[in-house]
Amino acid sequence: MLASKRLGKELTKMHENLAPGITKIKCDDFQEWLMDIRVDDNPLYHGEVYRLKFTFSNGYPIEAPEVVFVRDETHPIPIHPHIYSNGIICLDLLDKSGWSPVNNVESVCVALQSMLASNTKNERPPGDEDFVRTNRQRPRDINFVFHDDKV
Amino acid sequence: MDSEDEFNSSQVSEDEFMMDADSDAEDDYGVDHDDVGFESQHTDIKPAKHAYEVDFKVCSPEDIEAQQARQVADTSSLLEQPPEATAILFRHFRWNKERLIDKYMDNRDAVLEAAGLSEEAASSPPRIEKVPGFVCDICCDEDPEETFAMKCGHRFCVDCYKQYLRTKIKDEGEAARIRCPGDGCNKIVDSKSLNLLITGDLKERYDELLTRTYVDDKENLKWCPAPECVYAIDCKVRDKELMRVVPTVHCDCGHDFCFGCTLDDHQPAPCALVKKWLKKCADDSETANWISAHTKECPKCHSTIEKNGGCNHMTCRKCRHEFCWMCMGIWSEHGTSWYNCNRYEEKSGHEARDAQAKSRQALERYLHYYQRYANHEQSAKLDKDIYLKTEKKMQQLQNTTGMSWIEVQFLDSASQALQQCRRTLKWTYAFAYYLARNNLTQIFEDNQKDLEMAVENLSEMFEKPVDQLQGLKVEMMDKTAYCTKRRIILLDDTAVNLREGMLDLDVIHEREC
Ligand SMILES: [Zn+2]
Ligand SMILES: [Zn+2]
Ligand SMILES: [Zn+2]
Ligand SMILES: [Zn+2]
Ligand SMILES: [Zn+2]
Ligand SMILES: [Zn+2]
């Protein structure tokens, strides 16, 4: 109920205007959306288009959406010390301790753009291979220890 | 505003509650507190009787609330803050009194700010209001009837606020540190605001969680893990001591568990050993599976023998051959000094030359201990089954012969002793697996052997015909007392050696993170 009402309003607003470098790809139900982002001001990511999959629970936006990068022929997974090669993102904003219900799909896209824009390390998180091979949990059930200084 | 609403314990008990934050807070700072006079106030703690016993105290929910209230009352005047604010400060500092006072004295304003208690907080109480032209940032509704904001000014409609709190409390189990829903806002939702927004079952759950947070935050407190049990245990044993102490505690609900890891009592094995052993058993479960089979062949006539009691003394129905279920050796040798069913003999004659032979030898060694470990676990269950059947038969007998109830109590005591001893024996095998050989190993194995023989002797008595049991009462009571005595000797010896660092256990000493 809350989720569909909120997502409906977000959709209306996104029709009017959307921050630069963000495109909505598939937003035709209230369970799963696809969004594309570009980060052209960082040479590491210049010219690439990255695809994000948002999965919403009925409790959205009180509960955080599940957000992952998805890979296909034209969309790679960006290389970043907080992004695993299977697309799982380690970002406190998406964790229940860091999520605020004031956030929305667009603000998450903007946050991920700025996370990529400020990155200088062309590397995956430590233990990426092991994690990708062994992880069977959904992103929301993983207890990340945030490597960032901020809580 | 009623200040008692804030802090959920309304009855600050006047009778002196002796558990105090001071002692453990000082531990955290590495201060030796032997010289702190009021430490001796721990009068409620049961004195330790044996080397393997630790001091502990069982706390009811009322005790826990009283402890919190007492600490809040004590500190409130020192901080010059009302009790409800003091309670919030305590929770913010995870009930670490030393750190709270330290930081507070250092920078009062910063501490108040961080705990969500800004200066003017007390001046005007929070309230629900309608704000014309307001749009809620959560549901995007325009002009909602009721809105709410704390002092930080992040305003939302009351429905969204309530749903947010419900999610935090019900789904995420948070209470003491729920933050404002505003993005990046660190203001803690205080209890006055909470009382305005939540009611009924949610309020109850919130209060329950507040109490839980207190126990979770205190290093000296742990919840009894028994299902539905409401008690917590107060024990001074610290994580860093767990290689040398095995702190088994006894809850008032009847559950015996380890204060270190909250698993079922596992004396004499230290927590780290237990963890390693259980992991090994889980990893090797397929290899070891065949062992738990209920049936074996008689070593003499090869007919199938089924084990249906706890006792290891098997008699073949067909050829009357008596043998030991564990080692398949002749039983008559088990009551004498020849008994070495418990000991693993390294086959020194044919030394393992290649890697394959080495790994086979390692497996054999593991299986020796695992088999005995698993057997005691299973036998404990079988003992219990037999006891329950016997008790039922005894009751029938009692009804027909008019024996009084008290006369069958010895069976209950025997059964309980068996359960306890088998649990201890079970863990002695995990212990022995990791125990490096030195001059004390012999003593450990002798103690193990003596206890095991005592246990098998007692276990065997349960297989006697029920109508003979009354006549065996004295013998059974003697055997029960002997089992208990052997168990105490084993645990005492091992605890002393462990504490003194005399036993070399091959387990990782540092904690995993
Ligand atoms: Zn709202
Ligand atoms: Zn706020
Ligand atoms: Zn209990
Ligand atoms: Zn333990
Ligand atoms: Zn036979
Ligand atoms: Zn044997």
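So you know, we letter chains A, B, ... as the sequences are listed, proteins then strands, and number each from 1. Keep in mind that what you see is a predicted model, and the values were worked out from it rather than measured.
For a residue to count as touching a neighbouring chain, one of its non-hydrogen atoms must lie under 4.5 Å from one of that chain's; by this rule B/Asp141 touches chain A with backbone and side chain alike. Of the atoms belonging to A/Pro61, it is side-chain heavy atoms, and not backbone ones, that fall under 4.5 Å from chain B.
Side-chain atoms of B/Glu84 and B/Asp190, non-hydrogen and from C-beta on, never get closer than 4.5 Å to each other. No side-chain heavy atom of B/Cys136 sits under 4.5 Å from any side-chain heavy atom of B/Tyr161.
Taking the charged nitrogens against the carboxylate oxygens, B/Asp201 and B/Arg205 have no contact shorter than 4.0 Å, which rules out a salt bridge. For B/Glu145 and B/Lys130, the salt-bridge test passes: some basic side-chain N is under 4.0 Å from an acidic carboxylate O. Look at B/Arg94 and B/Asp216 and you find no salt bridge, because none of the NZ, NE, NH1 or NH2 atoms lies under 4.0 Å from a carboxylate O.
For B/Trp277 and B/Tyr366, the gap between ring centers is short of 6.0 Å.
Note that OH of A/Tyr50 is 11.0 Å distant from NE2 of A/His75, once rounded to the nearest 0.5 Å.
The contact list for residues 6-40 of chain A toward chain B, using heavy atoms and a distance under 4.5 Å, reads A/Arg6, A/Lys9 by residue number.
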